[in-house]
Undergrad: 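Could you have a look at this structure, given as structure tokens, before my questions?
Values reported hereafter were calculated over all heavy atoms of this structure, with side chains retained and with hydrogens, waters and symmetry mates removed. Chain letters run A, B, ... following the sequence lines, proteins first, then strands; residues in each count from 1. All of these numbers come straight from a predicted model, not from anything done at the bench.
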Protein chains: 2
Amino acid sequence: MKSWQTVRAEALARIRSGAWPPGETIPREADLAEEFGCARATMNRAMQSLADEGYLDRRRKGGTRVAAMPVRKAVFEIPVIRQQVEQRRSTHAYRLVTDRLTTPPEAVCAALKFGSRMQLRRVTALHLADGKPFCVEDRWLNPAFAPPGEADFAEVSANEWLVRHVTYSTGTLAFYARPANAALVRLLKCAHGASLFAIDRTTFDAGTPITSVTLTYAPGYRMETLM
Amino acid sequence: MKSWQTVRAEALARIRSGAWPPGETIPREADLAEEFGCARATMNRAMQSLADEGYLDRRRKGGTRVAAMPVRKAVFEIPVIRQQVEQRRSTHAYRLVTDRLTTPPEAVCAALKFGSRMQLRRVTALHLADGKPFCVEDRWLNPAFAPPGEADFAEVSANEWLVRHVTYSTGTLAFYARPANAALVRLLKCAHGASLFAIDRTTFDAGTPITSVTLTYAPGYRMETLM
DNA sequence: AAGTGGTCTAGACCACAAA
DNA sequence: TTGTGGTCTAGACCACTTG
């Protein structure tokens with residue numbers, strides 16, 4: 001009895017070796033199942049896995065073909081910053097910088113799809129690894145989700161508090177480079193204009209805006225993954 | 001008859017709503033299948049999908065529990081640069097800058113796990129969107145995979161040629177920020193020291209090094225995705 | 001030892017898109 | 001209309017892990 005992962009591996013080997021060249025239509029599931037010696041359901045699972053990862057294009061009636069221009073997908077894990085630091089075997093520390101209700105700039109309203117310019121809770125904080133600045137967290141927060149009374153960010157970062165209390169939201173994510181401004185120079189102790197890696201994340205809960213955050217990392221930070 | 005995606009959606013709703021709180025063990029598959037009115041195989045497929053995305057932790061005998069500190073995963077598509085430009089409804093153009101055999105610096109040898117410092121093919125090129133600099137491609141290439149005779153990068157970029165001819169390799173990927181050096185200033189027509197978003201990618205074919213490339217994007221570039 | 005998820009199978013029907 | 005992938009089902013057995 002062959003596992004679908006075995007079948008998948010064999011099929012992938014055919015693709016990589018060129019036995020099934022890019023663009024070519026491969027036999028139907030039923031035939032392949034017979035050839036590989038498994039049930040069609042097993043074959044289906046294997047091929048679907050390859051299709052999910054961009055190796056194959058499948059269409060009902062049209063059959064299955066090897067992707068000609070495969071769109072490679074990279075998966076990044078977006079962890080809690082404390083865990084991220086601890087994974088590097090460093091000691092995490094955290095310092096709250098500001099926490100107050102403020103009227104947000106238009107860009108933030110647009111990201112959160114806030115029509116009215118209601119006041120939002122602005123939280124800025126610094127994360128440190130082994131005592132050195134690691135990341136600046138600059139956040140706008142819908143106070144309905146984290147009332148100042150309930151959520152105190154003096155000890156636990158907003159980053160971590162939200163992961164624990166407002167889990168499983170949806171949203172957008174962007175990676176980019178930005179120069180260090182005065183505030184970042186002060187917190188990260190880097191040169192003015194230094195190239196910094198940054199992440200913008202905006203999250204919603206069933207259409208209701210929760211938070212918009214910019215994480216700016218100290219110079220030299222790299223976000224890495226395997227393909 | 002319920003589809004596994006319907007079941008998945010219902011289960012996800014329970015997680016998001018807090019009906020199944022973080023850290024809590026949920027009923028066994030067989031019971032859930034009965035409750036949801038589907039076969040266990042269908043239930044399994046739905047739950048497995050949620051586990052793959054980090055919503056659930058599943059263990060044989062241990063049961064299934066809602067992840068307490070979910071590791072959110074972001075999926076980025078790494079397209080061919082030409083397609084990336086054309087998706088933005090811009091016109092793509094390409095200019096080869098250099099293409100010659102050179103002894104690579106140690107950092108490149110290390111990335112490619114080349115013990116001997118054999119000569120590699122170095123290809124640098126500029127991609128343009130609507131005539132404006134979009135991205136600089138700086139590549140070290142194992143000549144065994146792309147002999148100068150076979151692979152001519154005057155018209156088709158190495159980026160695209162490799163996707164077509166050396167498909168389906170594995171490797172590493174990193175995103176980071178870097179300041180513009182003299183070469184980048186000249187090609188991207190940006191200010192010296194400007195913050196630029198960059199991608200390092202190193203690929204192997206069954207352990208054999210193929211290529212190591214740095215893509216550096218013009219100022220303002222953002223790599224975006226949904227969560 | 002026992003209970004849970006992981007998977008396989010065979011057969012069936014459905015949904016979609018190409019002919 | 002027809003052929004392909006997409007999915008469901010019921011039952012079975014296996015593999016891992018916990019007690």
Undergrad: So where does chain A start and stop touching DNA chain D, 5' to 3', when the test is distance under 4.0 Å to a non-hydrogen atom?
TA: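 Listed 5' to 3', the contact boundaries are D:dT2 to D:dT7.
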Undergrad: Between B:Met1 and B:Ile26, which has a closest nucleotide on DNA chain C that is more 5'?
TA: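 Looking at DNA chain C, the more 5' nearest nucleotide goes with B:Ile26.
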Undergrad: For residues 207-227 of chain A, which residue pairs qualify under salt bridge (charged side-chain N to carboxylate O under 4.0 Å, His left out), counting only residues two or more places apart or in two chains?
TA: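 Listed by first then second residue: A:Arg222-A:Glu224, A:Arg222-B:Asp200.
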Undergrad: Using modelled atom types and a 3.5 Å cut-off, is there a donor and acceptor pairing between side-chain atoms of B:Thr42 and backbone atoms of B:Trp4?
TA: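 Answer holds: no.
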Undergrad: With sequence neighbours excluded, tell me which residues meet salt bridge (charged side-chain N to carboxylate O under 4.0 Å, His left out) with A:Arg8.
TA: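 Here the qualifying residues are A:Glu53.
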Undergrad: Run the ring-ring contact (aromatic ring centres under 6.0 Å, His included) test against B:Phe76 and tell me which residues pass, sequence neighbours left out.
TA: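 ring-ring contact (aromatic ring centres under 6.0 Å, His included) list for B:Phe76, sorted by chain: A:Phe76, A:Phe175, B:Phe175.
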Undergrad: Please enumerate all residues that pass ring-ring contact (aromatic ring centres under 6.0 Å, His included) together with A:Tyr217, with sequence neighbours excluded.
TA: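 Here the qualifying residues are A:Phe134, A:Tyr221.
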Undergrad: Can you check the B:Arg58 CZ to C:dG3 P distance for me, whole Å?
TA: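 After rounding, the gap between these two atoms is 18 Å.
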Undergrad: Does B:Lys113 have any side-chain contact (heavy atoms from CB on, under 4.5 Å) partners at least two apart in sequence or in another chain, and if so, which?
TA: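 side-chain contact (heavy atoms from CB on, under 4.5 Å) list for B:Lys113, sorted by chain: B:Phe204.
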Undergrad: With B:Glu86, which residues qualify under salt bridge (charged side-chain N to carboxylate O under 4.0 Å, His left out), at least two apart?
TA: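 B:Glu86 satisfies salt bridge (charged side-chain N to carboxylate O under 4.0 Å, His left out) with B:Arg82 once adjacent residues are dropped.
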Undergrad: By ring-ring contact (aromatic ring centres under 6.0 Å, His included), which residues pair with B:Phe114, not counting sequence neighbours?
TA: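 If we apply the ring-ring contact (aromatic ring centres under 6.0 Å, His included) test to B:Phe114, skipping adjacent residues, there are no hits.
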Undergrad: Quick one: which protein N/O atoms are closer than 3.5 Å to N/O atoms of nucleotides 15-19 of chain C? Pair and distance per line, please.
TA:
from	atom 1	to	atom 2	distance (Å)
C:dA15	N3	A:Arg60	NE	3.2

Undergrad: Short of 4.0 Å, heavy atom to strand atom, which residues of residues 28-42 of chain B count as contacting DNA chain C?
TA: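 Of all residues in residues 28-42 of chain B, the ones placing a heavy atom under 4.0 Å from DNA chain C are B:Arg28, B:Glu29, B:Arg40.
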Undergrad: Test of understanding: with salt bridge (charged side-chain N to carboxylate O under 4.0 Å, His left out), list the residues that count as partners of A:Arg60, not counting sequence neighbours.
TA: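 Listed in chain order: nothing, the list is empty.
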Undergrad: Please list, chain by chain and in numerical order, all residues satisfying ring-ring contact (aromatic ring centres under 6.0 Å, His included) with A:Phe145, sequence neighbours excluded.
TA: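 Once residues adjacent in sequence are excluded, A:Phe145 has no partner under the ring-ring contact (aromatic ring centres under 6.0 Å, His included) criterion.
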